[in-house]
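Residue numbers begin at 1 in each chain, while the letters A, B, ... track the order of the sequences. Side chains included, hydrogens not; waters and symmetry mates left out as well; all remaining heavy atoms used.
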Protein chains: 2
Amino acid sequence: MGRKPVPDSTSHAVLAVALHVRGARLEVLLRDGSLPSATLAAREPLETALARAVEVADLAHVEQLETRVLADGRLATAYLGLAPHDRALRGDWRPVAELAALPPDHRGLVAAGQARLRAKLSYTNIGFALAPATFTISELREVYVAALGYDVSATNLQRVLLRRGVLAQVDGRREPGRSGGRPAALFRFASARLEVTDEFAALRPPR
Amino acid sequence: MGRKPVPDSTSHAVLAVALHVRGARLEVLLRDGSLPSATLAAREPLETALARAVEVADLAHVEQLETRVLADGRLATAYLGLAPHDRALRGDWRPVAELAALPPDHRGLVAAGQARLRAKLSYTNIGFALAPATFTISELREVYVAALGYDVSATNLQRVLLRRGVLAQVDGRREPGRSGGRPAALFRFASARLEVTDEFAALRPPR
DNA sequence: GCAAAAGTGTTGTGTCTACACCCATGT
DNA sequence: ACATGGGTGTAGACACAACACTTTTGC
């Protein structure tokens with residue numbers, strides 16, 4: 001997997017835009033200073049090549065982003081991959097805000113992945129792929145804030161996701177730290193598969 | 001363009017799911033009984049191959065759908081293309097409801113294109129690519145009904161699209177037919193480029 | 001006048017945001 | 001008691017769907 005792909009123009013590359021949230025930051029997985037990639041073998045499914053590219057991370061959700069012609073003339077299909085922080089401990093993860101050194105087409109793909117994630121956070125349960133198995137609302141809020149890039153209130157986050165049935169409460173509480181505070185309830189995502197929770201902005205089908 | 005592509009496994013195909021609305025039906029463009037396609041030349045941009053595939057139609061909007069491995073082992077990138085009926089007069093257009101004869105992977109791509117269109121009708125101005133330059137609300141309603149597959153009220157369609165600034169009224173009226181009725185006002189889409197009009201279902205950025 | 005088609009007024013409902021307030025813990 | 005963090009109650013703002021009603025035409 002680590003071998004350099006032969007850049008003849010007939011080979012097809014699979015690129016990964018793998019994202020996770022560490023601390024308060026959204027980070028992307030790099031390998032040798034650029035997006036991880038693998039060369040597709042003949043008749044190979046795209047997803048297995050993707051798996052080779054991001055072997056290092058245990059992705060919780062994967063979806064195809066875009067196919068484009070790279071600067072060197074090769075075709076590449078990019079995937080968006082998401083992982084909870086605790087399942088992506090290995091690898092060279094870098095904050096998406098600090099990618100000036102990345103080649104321009106790779107930067108564009110990261111931006112596309114980020115945009116896709118941002119959009120889907122608003123109308124799907126895609127947060128399941130970035131959050132650990134159980135979490136408090138505050139912890140989930142940090143994930144959403146890092147991924148969205150703007151502030152979100154824990155109050156409203158909880159209500160939106162509970163109303164939609166995306167979150168379920170689980171037994172147990174998180175004990176407060178040294179500074180006190182009420183113990184926090186624990187939640188999990190009700191589903192670990194992508195689901196659209198807010199299908200129609202308008203023009204809904206008649207009942 | 002009409003030549004059969006050589007099916008060696010290294011060539012890359014570009015497939016078109018070109019849709020338009022004729023009468024009350026959503027139709028897809030076929031060529032020789034399957035989706036129009038072209039083989040990508042070395043270093044060729046995907047869009048120019050797409051243009052070769054659908055030469056016959058003057059598409060108003062194009063976006064990439066999906067890349068997959070076809071049954072014969074070739075890679076194919078599918079595009080969704082939309083055209084107003086009056087700009088797609090030539091070609092073999094068939095109702096999307098009657099595609100039993102199509103190969104299964106092509107059928108799946110048509111379904112993906114239809115789903116993408118349906119979703120975007122609800123939160124973007126994508127109707128511009130299916131509607132003629134000017135139209136009445138009733139005419140636009142027919143387009144939406146055909147594309148969505150369920151009933152939409154002209155009243156609410158007008159209000160949603162005007163509220164969002166997607167439609168603009170234009171001078172002149174459509175004279176009623178023999179059976180009478182009030183003359184209809186004419187509208188146009190304010191923009192001929194895809195715009196997201198309803199970005200956030202929830203978790204909007206703070207003001 | 002009557003039917004047909006277009007368009008407006010109005011009401012009710014649901015979802016979201018914002019913010020005040022209450023709760024449970026540590027020190 | 002007080003600070004800290006978690007959580008609920010409540011009110012306001014929109015946007016949407018549904019439907020009654022009015023307008024403008026042909027016959």
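Bounding nucleotides for the chain B contact on DNA chain D, 5' to 3', at a heavy-atom distance below 4.0 Å, are D:dA15 to D:dC27.
Within the structure, every pair that satisfies the side-chain hydrogen bond (donor to acceptor under 3.5 Å, both in side chains) test and touches residues 174-184 of chain B, not counting sequence neighbours, is listed here: B:Glu139-B:Arg174.
Side chain of A:His61 to main chain of A:Leu82: no donor-acceptor pair is present (N/O by atom type, distance under 3.5 Å, no hydrogens or angles). Although no hydrogens or angles enter the test, the distance criterion places a donor-acceptor pair under 3.5 Å between the side chain of B:Arg43 and the main chain of A:Asp72. The backbone N or O of B:Glu195 lies less than 3.5 Å from a partner atom in the side chain of B:Asn125, making a donor-acceptor pair.
Between B:Phe189 and B:Phe135, the angle of the ring planes lies from 30° to 60°, which puts this pair in the tilted group.
DNA chain C lies under 4.0 Å from at least one heavy atom of each of the following residues of residues 198-206 of chain B: B:Ala201, B:Ala202, B:Leu203, B:Arg204. Residues of residues 136-152 of chain A having a heavy atom closer than 4.0 Å to DNA chain D, listed by number: A:Ser138. Sorted by residue number, the list of members of residues 116-123 of chain A with any non-hydrogen atom under 4.0 Å from DNA chain D is empty.
When the salt bridge (charged side-chain N to carboxylate O under 4.0 Å, His left out) test is applied to B:Asp198, the partners found at least two apart in sequence or on another chain are B:Arg164. Residues meeting the side-chain contact (heavy atoms from CB on, under 4.5 Å) test with B:Ala88, sequence neighbours left out: B:His20, B:Ala57, B:Ala83, B:Trp93. Among residues two or more places apart in sequence or in another chain, the salt bridge (charged side-chain N to carboxylate O under 4.0 Å, His left out) test is passed with A:Glu98 by A:Arg25. Residues passing the salt bridge (charged side-chain N to carboxylate O under 4.0 Å, His left out) test with B:Glu44 are B:Arg52, sequence neighbours excluded. Under the rule for a salt bridge (charged side-chain N to carboxylate O under 4.0 Å, His left out), the partners of B:Asp92 that lie at least two apart in sequence or sit in another chain are B:Arg94.
Across all strands, B:Ala154 comes closer than 4.0 Å to no nucleic acid atom at all (heavy-atom distances). A:Arg164 comes within 4.0 angstrom of the backbone, heavy atoms only, and of no base.
Overall, the helix from C:dG1-D:dC27 to C:dT27-D:dA1 carries an axis bend of 20° between its ends, with five pairs at each end and the value rounded to 10°.
Side-chain atoms of A:Val145 and A:Tyr150, non-hydrogen and from C-beta on, never get closer than 4.5 Å to each other.
Across the protein-nucleic acid pair, B:Leu157 atom CG and C:dT8 atom P stand 13 Å apart, rounded to whole Å.
Salt-bridge formation is not detected for the pair B:Arg22/B:Asp86: no Lys NZ or Arg NE/NH1/NH2 atom is positioned less than 4.0 Å from an Asp or Glu carboxylate oxygen. Salt-bridge annotation for B:Arg204 and B:Glu199: absent, with no side-chain N of the basic residue lying under 4.0 Å from a carboxylate O of the acidic one.
Here B:Leu157 contributes atom CG and B:Arg141 contributes atom CZ; the two are 9.0 Å apart, rounded to the nearest 0.5 Å. Summarising the geometry, atom OG belonging to A:Ser122 is positioned 11.5 Å from atom CG belonging to A:Leu117; distances are rounded to the nearest 0.5 Å. Here the straight-line distance linking atom CG of B:Leu15 with atom CZ of B:Arg74 works out to 8.0 Å at 0.5 Å rounding.
Among all heavy-atom pairs drawn from B:Leu109 and B:Leu65, the shortest one is O-CD1, 3.9 Å.
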(message) One pair to check against side-chain hydrogen bond (donor to acceptor under 3.5 Å, both in side chains): A:Thr39 and A:His12. What are the steps and the verdict?
(response) CA-CA 6 Å; A:Thr39 297; A:His12 193 101; over 6 Å; no
(message) Generate the contact string for nucleotides 19-27 of chain C. Rules: B means base contact, S means sugar-phosphate contact only, - means no protein heavy atom under 4.0 Å.
(response) B---BBBSS
